[in-house]
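To start, the structure under review is shown below, and the notes come after it.
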Amino acid sequence: MDAHAKSGNERPRSALRRFLGSEASGGIILMLAAALALIVANSRLAGAYFQTLETHVGGLSVLHWVNDGLMAIFFLLVGLEVKREFVDGQLATWQRRVLPGVAALAGMAAPAAVYVALNAGDAVALRGWAIPSATDIAFALGVLALLGSRVPVSLKIFLTAVAIIDDLGAIVIIALFYTSDLAFGPLGAALAGLALLYALNRMGVASLWPYLLIGAVIWWLVLQSGVHATLAGVAVAMTIPLKPARGRPDDPTSPLHRLEHVLHAPVAFGIVPIFGFANAGVSFSGLASGEILGTVPLGIALGLFLGKQVGIFGSVWAAVRLNLADLPAHASWRQLYGVALLCGIGFTMSLFIGGLAFDGVGHLGDAVKIGVFGGSLLSALAGWVVLVTARPGD
């Protein structure tokens with residue numbers, strides 16, 4: 001440890017940057033969970049697999065508990081990371097936000113445009129326009145981890161920042177476009193709970209238990225309100241104090257830091273793989289080629305593979321040429337293109353949005369999974385090939 005670190009003045013890194021290795025490992029476990037789900041769904045265990053997911057416990061199906069319950073914890077961690085990065089991290093200043101912000105916005109708009117172009121005229125299919133807009137940070141970092149020092153640190157940070165802004169965009173999309181009829185009583189009570197948490201924050205309450213207990217009640221109220229319950233996780237995260245009542249603004253003992261570090265391993269190695277296993281299973285038995293090559297799976301796959309790379313690489317190129325931002329340090333255009341390709345890996349959030357978009361439209365559920373698998377696999381392989389063959393001067 002150097003003298004600066006020993007002095008206690010070193011800024012602590014966020015959990016996301018501190019545990020990049022764990023995030024990457026979580027991505028590998030997620031890949032294995034998805035592969036296992038595909039194997040099980042096409043084996044003699046398929047009946048038990050699908051029946052278990054539809055089994056009701058406490059008024060909700062097992063799949064519902066995974067997608068609305070466990071994933072609320074995932075979104076809580078996402079919210080903590082978003083707040084941490086915008087207040088005290090890589091996105092804390094406007095200068096740092098310009099390049100990943102432009103890339104993330106264009107990287108969401110272009111895939112959606114590709115999907116809409118292929119599904120124009122089909123009102124039901126158009127409900128899935130946002131599916132290819134998401135980037136899966138665990139998968140993408142998992143691929144980068146396999147490349148080691150071939151990819152400069154600046155590009156890993158760029159990918160992380162793009163994915164965080166991308167997650168924030170996905171949260172806004174879910175709130176605005178995938179919310180059912182509202183029940184204003186539970187929604188008003190949930191807002192009152194958030195106001196109470198905000199008051200606790202302003203009073204300097206640093207214990208996590210009040211936030212978590214009230215947060216659990218808020219989750220239940222949001223579940224009853226018609227707003228998707230996972231958004232409760234994000235809303236509660238915004239109230240967790242980043243600065244304790246006493247100490248430095250970047251004190252690692254602040255409630256947000258503590259909760260972030262506690263949640264990271266369970267989410268990366270437990271919740272996300274469980275989600276992947278529960279949602280990735282698709283039976284290919286009796287599946288016609290027309291369904292595999294339909295406009296919904298094609299729109300998703302091409303949106304992820306083509307839309308993401310065009311949107312991200314094109315917007316970064318324009319921003320640099322217009323002197324709005326600089327290319328990430330020590331990175332070549334070829335390496336940046338490889339990272340833009342990796343942003344087309346949209347597994348977790350894409351499947352999640354697909355489930356919201358086509359809830360109750362059974363035949364399109366498998367189409368979503370096929371499109372997400374195809375687009376994500378193409379993006380991962382192409383990105384890996386470009387990065388493994390790229391040299392700093394390219």
Side-chain angles (χ1 to χ4, degrees), residues 14-16 23 66-87 89-91 97 100-109 111-112 127-140 159-180 182 187 190-191 193-194 197-198 211 215 218-219 221-223 225-240 242 256 259-260 263-264 267-268 271-272 275 279 304 308 311 343 345-357 359 372:
S14 72
L16 187 59
E23 188 76 64
V66 170
N67 291 347
D68 282 28
L70 290 181
M71 287 301 283
I73 302 174
F74 167 81
F75 275 88
L76 173 62
L77 180 60
V78 169
L80 293 173
E81 292 289 3
V82 168
K83 180 175 180 178
R84 174 63 160 85
E85 294 298 328
F86 271 86
V87 174
Q90 288 299 321
L91 301 172
R97 296 170 190 166
V102 167
L105 292 175
M108 297 183 77
R127 286 160 51 182
W129 64 270
I131 297 171
S133 296
T135 292
D136 191 300
I137 188 171
F139 260 126
L159 173 61
T160 300
V162 169
I164 287 172
I165 298 174
D166 188 285
D167 282 344
L168 182 59
I171 290 165
V172 172
I173 288 171
I174 292 169
L176 294 179
F177 299 99
Y178 296 109
T179 294
S180 58
L182 297 180
L187 183 59
L191 292 174
L194 289 172
L197 292 184
Y198 177 75
Y211 297 95
I218 291 172
W219 171 83
L221 290 168
V222 173
L223 181 66
S225 73
V227 176
H228 200 272
T230 52
L231 296 180
V234 179
V236 171
M238 295 299 110
T239 70
I240 305 296
L242 177 58
L256 186 143
L259 183 57
E260 196 178 28
L263 289 178
H264 212 277
V267 169
I271 290 174
V272 172
F275 170 83
N279 287 273
L304 287 170
K308 277 288 184 181
C343 287
I345 304 173
F347 190 84
T348 305
M349 198 68 81
S350 291
L351 287 178
F352 187 81
I353 293 176
L356 298 179
D359 185 25
V372 171

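Note that CG of Leu76 is 5.5 Å distant from CG of Leu259, once rounded to the nearest 0.5 Å. Here the CG-CG distance, from Leu256 to Leu80, works out to 4.5 Å after rounding to the nearest 0.5 Å. Note that CZ of Arg97 is 5.5 Å distant from CZ of Phe86, once rounded to the nearest 0.5 Å. Note that OH of Tyr211 is 6.5 Å distant from CD1 of Ile240, once rounded to the nearest 0.5 Å. Here Ile173 contributes atom CD1 and Met108 contributes atom CE; the two are 3.5 Å apart, rounded to the nearest 0.5 Å.
Between Ile73 and Trp219 there is no side-chain heavy-atom pair separated by less than 4.5 Å. Arg127 has its side chain out of reach of Phe177: every pair of non-hydrogen atoms, C-beta onward, lies at least 4.5 Å apart. At a threshold of 4.5 Å between non-hydrogen side-chain atoms, the residues Ile174 and Phe75 count as touching. Put simply, the side chain of Glu260 does not reach to within 4.5 Å of the side chain of Lys83, judged on heavy atoms.
The shortest non-hydrogen separation linking Ala104 to Val162 is CB-O, 3.8 Å. Residues Ala72 and Ala229 come closest through the heavy atom pair CB-O, 4.3 Å. The shortest heavy-atom contact between Ala140 and Leu159 is CB-CD2, 3.8 Å.
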Report all side-chain donor-acceptor pairs from residues 345-355 shorter than 3.5 Å, counting only partners two or more places apart or in another chain.
residue, atom, partner, partner atom, Å
Thr348, OG1, Asp136, OD2, 2.4
Ser350, OG, Ile131, O, 2.8
Ser350, OG, Gly346, O, 2.5

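Of the candidates Leu194, Leu223, Leu191, Ile218 forms a side chain to side chain contact (heavy atoms under 4.5 Å, CB included) with just one, namely Leu194.
Every residue two or more places apart in sequence or in another chain that forms a salt bridge (Lys or Arg N to Asp or Glu O under 4.0 Å) with Asp166 is listed here: Lys308.
Pairs engaging residues 228-240 under the side-chain hydrogen bond (donor to acceptor under 3.5 Å, both in side chains) rule: Asp68-His228, His228-Thr230 [sequence neighbours left out].
When atom types are taken as modelled, the side chain of Thr135 and the backbone of Ala163 share no donor-acceptor pair closer than 3.5 angstrom.
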